[in-house]
Amino acid sequence: MKKKVMTVDDSRTMREMVSFTLKGAGYEVVEANDGQHALTVLGTNKVDLVIADLNMPIMDGLTLIRKLRAMAQYRTTPILMLTTEADDKKKAEGRAAGATGWIVKPFDPAKLISVVQKVCG
Amino acid sequence: MEDLQQFKQTYFEESGEFLGVAETGLLRLTPGNADMEEVNAIFRAVHSIKGGGGAFGFTDLVAFAHEFETVMDGVRNSTITITDDLVDTLIRANDVLGQLLAHARDGTRPPAGFAASVVAALKAFAASAVEESEDEAPAVPAPPPAAAGIAAGADGRRTFSVRFRPKADLLLTGNDPTFMLRALKALGETEIECDVGGLPTLAHLEPELIYLQWLVTLTTSHGLVDIQDIFEFVSDDSLVEITEHAADAPPPAAIKDEVLPPAAGAGAPPAVYATPEPAPGGGPAAAPGARPSGGRSSSAQSDAGHAANLGSHTIRVDLDKIDRLVNMVGEMVITQAMVAEHVRDLPQGEYQELLEGLEQLAQHTRELRENVMSIRAQPVGSVFSRMPRLVRELATETGKDVSLVTSGEATEVDKTVVENLVDPLTHMIRNSIDHGLESPDVREANGKSRTGTVHLSAAHRSGRIVIEVADDGKGIDRQRVMQKAIEKGLVQQGSSLSDEEIDNLIFLPGFSTADKISNISGRGVGMDVVRRNITSLGGRIGVYSTPGQGSRFVLSLPLTLAVLDGMVISVGAERFVLPLTNIVESLRPKPADLHGLVNRCDVMMARGEYVRLVYLHALFGIPGAVGDATKGLVVLVETEDGGRLGLVVDEVLGQQQVVIKSLESNYRRLDGVAAATILGDGRVALILDVAGLQEMSQHAGSSSSVAQRQISDASSQTHVM
Amino acid sequence: MSKSASLATVGSIRGDVVATANTNEEQYVTFTVGNEEYGVNILSVREIRGWTPESRLPNLPDYVRGVINLRGIIIPIFDLRARFGGGTTEVTKRHVVVVVQVGERTRGILVDAISDILAISQDQIKPPPTMESGLVESQYLAGLFTAENRMVTLLDVARLFAVETGDDEHIAQRAIGA
């Protein structure tokens with residue numbers, strides 16, 4: 001059975017690239033353009049992994065991660081942050097909020113797939 | 001990353017939108033009054049452009065965006081104060097970003113030293129940022145030390161022992177040892193040993209904590225880095241030890257219990273391994289990582305596709321699809337008209353139901369057409385939004401204080417028209433600011449406010465869209481205009497013109513009353529070009545002015561360039577369509593109303609003034625027409641400059657909405673002809689261009705007729721045998 | 001009111017194009033005007049239609065007959081006979097319009113009848129003789145071909161009515177400079 005991944009990013013380009021890459025690797029992908037939208041989408045979609053950008057309007061990535069971790073069904077769901085290379089501070093904040101790991105922007109498709117496999121199979 | 005190249009187009013489109021968002025936000029940024037939401041939006045816009053740019057390898061772009069982003073970050077953290085200088089620099093930076101994007105899209109390189117001053121300015125602002133207090137982020141320890149280099153075995157593969165003891169609450173971060181172990185297995189051959197010694201009794205077991213640890217012996221051709229990668233997210237607070245075996249050395253002894261120091265992660269339950277009570281028989285080897293399967297479900301929901309955004313009420317559609325839809329509906333209108341035409345000849349009284357049905361069909365077709373056209377309708381606001389930028393630039397260049405007020409942004413008009421609005425609006429606003437508005441000092445001296453206002457508005461009026469550009473400047477200097485017009489021979493000395501007529505002289509070719517060609521308005525475009533462009537779209541433009549108080553440009557355009565309300569007329573065996581908006585009335589003159597003039601140009605008296613007659617049959621060389629105006633009809637039309645022409649035709653056949661078809665796409669532009677259409681019987685009718693007809697008739701007065709000129713033009717390159 | 005225009009089409013040639021055995025060969029559609037036979041490359045032919053009445057265009061030479069509605073687009077119809085100085089064709093319903101595509105543009109050429117489809121290879125085409133009247137005339141002649149015992153004049157569709165449609169400005173330049 002296919003695993004379902006949600007990509008949350010306010011950049012259409014980024015969402016499409018992630019979606020394309022993961023679909024090609026056999027995952028199902030749903031999209032949301034900000035944290036609030038993500039929660040709406042999750043209301044009707046159960047996902048196996050959330051990949052979230054940190055900088056988004058309305059509700060940013062960190063807030064989303066915290067909210068997800070507070071929800072019963074997403075306490076242990078893997079959540080990956082999209083960050084830029086040198087952002088150690090953000091990585092730490094993300095982990096403190098409950099993120100599982102991170103993917104560096106710009107991402108290498110092969111690396112993205114391997115990380116996704118690593119955290120959700 | 002070749003696969004991802006297909007998203008370049010998306011990236012450029014989206015970046016264009018982001019640039020727009022940034023510009024709008026930057027233009028609204030004022031020192032001391034910053035809307036943090038907007039600042040964040042600007043930051044995100046630049047951040048996203050940078051992120052995508054990195055994905056496609058646009059290094060120049062990314063480098064610049066980084067400087068820009070750094071400053072924006074400072075602004076949103078309030079470590080950089082907002083000043084006028086900063087805003088100016090940021091606006092320039094946004095422009096540079098746009099240019100870099102264009103270069104990236106076109107595959108060209110920007111010139112050397114490009115944007116150097118902007119970069120320097122950005123760096124200066126970044127350096128001025130108040131030092132933030134360093135939040136102590138939890139230290140990220142270095143990954144476990146790699147084993148000393150050991151020679152690989154004979155087959156090039158190496159053997160490692162990987163000891164993994166996850167912190168107890170690892171699952172709560174979403175990590176799952178199962179997947180990590182699988183990832184290890186994927187690297188080569190593995191022997192996995194699980195130590196369940198840490199398991200408490202069932203009564204003390206907390207399902208979400210991990211009490212297990214693993215020792216994996218892995219033989220692989222991969223290197224150490226690949227193994228470390230698997231644990232990249234967990235290595236700082238879980239125990240991960242990777243030891244390489246020397247070839248042929250025996251594996252290390254089985255793992256023993258150890259107490260792990262508490263995890264550094266904030267908020268996690270204390271990660272002390274539960275000391276087990278001795279379990280009888282060593283306990284069963286529990287399956288590692290049995291975890292609540294909340295994530296897996298057989299949801300019947302399909303993916304949210306690219307097209308629809310769940311929870312939003314709009315949908316993105318390819319413009320081509322819309323255009324095709326509009327065309328198809330246009331064809332349907334024509335076909336429906338054809339059917340109606342054929343049906344007209346059926347005997348009255350019979351086929352009543354058929355006629356009623358067709359009447360309904362006609363009704364539905366009209367409605368469908370209107371609805372489809374409205375899909376393509378866009379609010380003019382999309383064009384208006386480019387004007388603040390222009391006004392700001394012009395204000396700076398001219399040293400004047402200008403405030404732009406807009407209204408009616410929501411007024412909708414067909415996409416085809418919107419695109420054609422940018423140029424005329426730009427010129428009208430340039431004109432207002434350059435020539436209309438006075439400098440702040442002059443204004444003050446005249447009792448006006450130092451800031452001049454330009455009011456841009458749009459509204460629907462009698463089936464058209466009317467756009468006004470009004471300024472509260474000094475109005476048109478009628479004396480100067482008259483003088484200039486006389487100088488240029490456009491007006492005869494001593495002729496008396498009404499104020500309005502004088503004002504509209506500025507639309508004549510070659511007209512510019514600027515003392516020196518200003519850098520802005522004098523860029524080779526005069527109001528005459530503006531008017532010609534508007535006219536070619538079926539629009540009209542006029543100006544009204546009150547000296548000392550200001551001027552008002554009024555521009556009217558049809559709601560759509562695809563369909564036209566027309567009057568079908570016949571001349572001989574040919575039929576033509578006249579745009580309804582040009583028509584004043586049609587009448588049959590009495591012989592007494594007609595007069596001949598010296599240069600063989602007939603005029604007619606209508607509504608108290610003399611109107612020049614234009615014989616279409618002569619102009620177009622059509623045989624078999626009713627040549628006599630008193631036996632045919634004269635259609636009185638209004639020309640762009642407000643004058644009148646009387647077109648002599650055979651009959652007026654009726655009013656009709658026609659679909660505009662291009663003549664130029666497969667043939668070429670003809671004088672006096674705006675476009676073509678297909679009437680109900682399937683035949684082509686030319687749509688006439690009143691302004692063109694006027695020109696043609698002016699030349700036709702002389703012996704070398706337009707007809708002859710056109711023929712000689714067309715055949716000058718051919719040898720007529 | 002005129003009867004509904006009969007859109008009799010002789011058939012869309014493109015669908016019947018058979019792959020030529022010799023890759024050097026190209027197919028040409030040939031047609032007659034009076035006693036002359038002309039040919040154009042089949043790839044430029046969109047369709048062949050029976051003649052339908054045109055709507056006249058004002059003030060143009062007699063070889064520009066007018067425009068017709070081709071399924072929603074407006075295309076000009078040129079009279080090939082008139083173009084070569086033979087006077088305006090007296091049309092009947094049996095006359096034929098060859099609809100050709102030149103780049104983005106479509107136009108129709110009125111001829112008397114369709115003759116044949118010939119497979120012609122490049123080396124079989126003889127260059128046209130230079131005419132005394134200068135280079136201008138032979139611009140649109142792609143060459144001559146002898147089929148059995150008759151001569152076919154191959155026309156360069158792109159240049160045939162280029163001047164009239166304003167397509168090829170460089171032809172005018174060459175005429176001036178030549």
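In what follows, chains carry the letters A, B, and so on, assigned in the order in which the sequence lines appear, proteins first and then strands, with residues in each chain numbered from 1.
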Sub-4.5 Å side-chain heavy-atom contact between B:E17 and A:R12: yes
B:F12 versus chain A, the contacting section by heavy-atom distance below 4.5 Å: neither
Any A:V119 side-chain heavy atom under 4.5 Å of B:D176 side chain: no
Over 12 foreign heavy atoms within 6.0 Å of NZ, A:K67: no
Side-chain heavy-atom pair B:F43, A:N55 within 4.5 angstrom cut-off: yes
Heavy-atom contact with chain B under 4.5 Å, split by part of A:L49: neither
Residue pair A:T13 / B:F56, side-chain heavy-atom distance below 4.5 Å: yes
Any donor-acceptor pair under 3.5 Å from B:R44 side chain to A:S11 backbone: no
Interchain contact, A:S114 with chain B, by part (heavy-atom threshold 4.5 Å): neither
Any B:Q6 side-chain heavy atom under 4.5 Å of A:M17 side chain: no
A:I65 side, atom CD1; B:T173 side, atom OG1 - distance, nearest 0.5 Å: 11.5 Å
Test: B:E232 and A:K111 ion pair at under 4.0 Å: yes
A:K3 versus B:F179, closest heavy-atom pair with distance: NZ-CZ, 3.9 Å
Reported CG-to-NE2 distance for the pair A:L54 and B:H47, which is rounded to 0.5 angstrom: 7.5 Å
Among the listed options A:A72, A:A99, A:G101, the residue most often paired with chain B at heavy-atom distances under 4.5 Å: A:G101
A:P57 side chain reached by B:N40 side chain, heavy atoms, under 4.5 Å: no
Gap between atom CG of B:L170 and atom OG1 of A:T100 - 0.5 Å precision: 9.0 Å
A:K118 to B:F233, cation-pi by 6.0 Å centre distance and 45° axis angle: yes
Exceeds 12 heavy-atom contacts within 6.0 angstrom, atom NE2 of B:H66: no
Between A:R69, A:M14, A:M6, the one whose heavy-atom pairs under 4.5 Å with chain B are most numerous: A:R69
